[in-house]
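Both ligands and their constituent atoms are indexed starting at 1 by order of listing.
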Amino acid sequence: MIQMTLIQIDNYGPWTVTPNPRNESDLQILQSELYADIQRQFSMKKGLVFFTRFDNMLAITNGINEEDHRRIQRSIRNRYPITISMGVGTAKTPYDAQKIATESLQIKGGAQSEDRKEILAIGSLVDEKDSFVQIAHIDINGVTDSLTDTIPAYDTNFLVNRAQHYLMTKLIDKGALLFFIGGDNFMSPCNELDAKELLKLLEEIDDEIGIALKAGVGRGKNAEDAAYMADLGLEEIRNGVADELVYIMEKMG
Ligand SMILES: Nc1nc2c(ncn2[C@@H]2O[C@H](COP(=O)(O)OP(=O)(O)O)[C@@H](O)[C@H]2O)c(=O)[nH]1
Ligand SMILES: [Mg+2]
């Protein structure tokens, strides 16, 4: 079972334009500082946050309990001009976990409701014995030589974005999510997806749009271990140790 938390800024839309529209650069600074802050706090408990839309972030939070979530909310309230609400859900697949997390929060009020403030809506929390996270760290082959050092920066960015869209489209059918994490890298929380299915999907994308991908897959009891194992798996492929496009590594307990 994977546990996911939706983190949502309360009433952010209205705040950005009240009393007058705030400078976009200031909003960008607020959003990126909030992301870094929330990442730091969840990572202390071995969680992992994806910036997603910045006003809405999704995190893998296996092992993080109610009081841990509340402490983060209080700390943000004390230091920022905004507050955050959270929804928590657990399921066999990451897609279903974030769906439950979202629904738990949605029934407590809208994102732009003036009455909804610092809600913590827990659908469910994962038990230690059932805790399992699988993450694929997916990377585009040879981006630096073939793109970054060769074509205009914006064109590379466009291509990375296209790869992301294809990956998201195929992964969602398997109950898996996909997040851009920088450079030419993506992370996919993908409990329940087996290596064969992932390999097939990467090969399809290469056939369809000519973008060659590889993936390290990590498994663990929490996001930190799973992501680290995924990184190690990817290194095996990069170093040519694993003669495959998908390589799995595990650390349970
Ligand atoms: N967030 C993140 N970015 C990475 C990671 N590894 C590489 N990158 C980024 O991806 C770029 C390309 O790296 P890499 O895929 O190793 O090189 P390639 O062989 O040219 O595709 C780097 O310049 C970084 O910006 C990683 O583990 N996490
Ligand atoms: Mg690469």
Side-chain angles (χ1 to χ4, degrees), residues 4 7 28 31-44 46-54 56-61 94 133-168 170-171 176-190 193 195 198-199 201-220 222-251:
M4 297 206 61
I7 301 132
Q28 291 299 315
Q31 288 172 198
S32 48
E33 288 184 348
L34 181 67
Y35 164 60
D37 203 313
I38 287 190
Q39 183 73 273
R40 195 172 285 122
Q41 297 195 63
F42 276 105
S43 71
M44 303 268 282
K46 303 193 177 186
L48 182 63
V49 185
F50 300 101
F51 53 77
T52 323
R53 294 168 46 199
F54 288 102
N56 284 259
M57 298 178 240
L58 285 166
I60 303 173
T61 55
V133 179
Q134 177 174 292
I135 293 177
H137 183 163
I138 304 173
D139 159 288
I140 305 179
N141 291 340
V143 152
T144 310
D145 288 345
S146 66
L147 303 170
T148 310
D149 292 345
T150 311
I151 66 170
Y154 188 77
D155 298 29
T156 302
N157 187 43
F158 190 14
L159 197 132
V160 170
N161 228 279
R162 187 136 54 95
Q164 177 174 7
H165 194 95
Y166 268 77
L167 279 164
M168 289 173 94
K170 289 177 187 293
L171 284 165
L177 311 176
L178 184 89
F179 301 100
F180 177 61
I181 56 166
D184 64 341
N185 292 253
F186 309 98
M187 272 199 174
S188 172
C190 60
L193 177 68
L198 179 58
L199 180 61
L201 197 146
L202 300 185
E203 287 172 346
E204 279 172 16
I205 293 179
D206 197 3
D207 289 344
E208 289 163 19
I209 52 172
I211 295 176
L213 302 160
K214 57 184 175 297
V217 178
R219 294 173 174 165
N222 56 64
E224 183 176 288
D225 290 350
Y228 192 66
M229 289 295 112
D231 291 351
L232 293 184
L234 195 53
E235 284 302 294
E236 295 286 308
I237 305 172
R238 281 178 177 146
N239 297 335
V241 179
D243 183 25
E244 295 151 53
L245 289 179
V246 175
Y247 192 81
I248 302 177
M249 295 189 74
E250 185 169 299
K251 180 190 175 210

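The atoms of ligand 1 that sit less than 4.0 Å from any heavy atom of Gly142 are 18 (P), 19 (O), 20 (O), 21 (O). Per-residue contacts place Ile140 under 4.0 angstrom from the following atoms of ligand 1 (heavy atoms of the residue considered): 21 (O). Atom numbering of ligand 1 starts at 1 in the shown order; those under 4.0 Å from a heavy atom of Gly183 are 9 (C), 10 (O), 25 (O). Applying the 4.0 Å criterion to heavy atoms of Val143 picks out, from ligand 1, the atoms 18 (P), 20 (O), 21 (O). Ligand 1 places these atoms under 4.0 Å from at least one heavy atom of Asp139: 14 (P), 15 (O).
Asp37 places no side-chain N or O within 3.5 Å of a backbone atom of Glu33 that could act as its donor or acceptor partner. Asn222 contributes a side-chain N or O that, together with a main-chain N or O of Glu224, makes up a donor-acceptor pair within less than 3.5 Å. No donor-acceptor distance shorter than 3.5 angstrom exists from the side chain of Thr144 to the backbone of Asp149, with no hydrogens or angles considered. Side chain of Thr52 to backbone of Leu58: a donor-acceptor contact under 3.5 angstrom is found.
Rounding to the nearest 10°, we obtain 80° for the angle at the Mg ion (ligand 2) between Asp139 OD1 and Ile140 O.
Considering backbone and side-chain N/O of Asn141, none are found under 3.5 Å from N/O of ligand 1. An N or O contact shorter than 3.5 Å links Asp184 to ligand 1 by distance.
Here the N, O or S atom of Asp184 that is nearest to the Mg ion (ligand 2) is OD2.
The minimum heavy-atom distance linking Leu193 with Gln134 is given by the pair O-NE2, 2.8 Å. Nearest heavy-atom pair, Pro189 versus Pro94, reported as atom, atom and distance to 0.1 Å: O-CG, 3.3 Å.
Here the heavy atom of the protein found nearest to atom 6 (N) of ligand 1 is Arg238 NH2, 3.5 Å. Of the protein's non-hydrogen atoms, the one nearest atom 9 (C) of ligand 1 is Asn185 ND2, 3.2 Å. Nearest protein neighbour of atom 23 (O) of ligand 1, counting heavy atoms only, is Thr144 OG1, 4.9 Å. Closest to atom 27 (O) of ligand 1, if we only count protein heavy atoms, is His137 CE1, 3.1 Å. Looking only at protein heavy atoms, the nearest one to atom 1 (N) of ligand 1 is Ile181 O, 3.1 Å.
Atom CG of Asn185 sits about 8.0 Å away from atom CZ of Phe180, to the nearest 0.5 Å.
For Asp231, the closest heavy-atom approach to ligand 1 does not fall below 4.0 Å.
Scored by the side chain to side chain donor-acceptor pair (under 3.5 Å) test, Gln39 finds Tyr35 as partners (sequence neighbours excluded).
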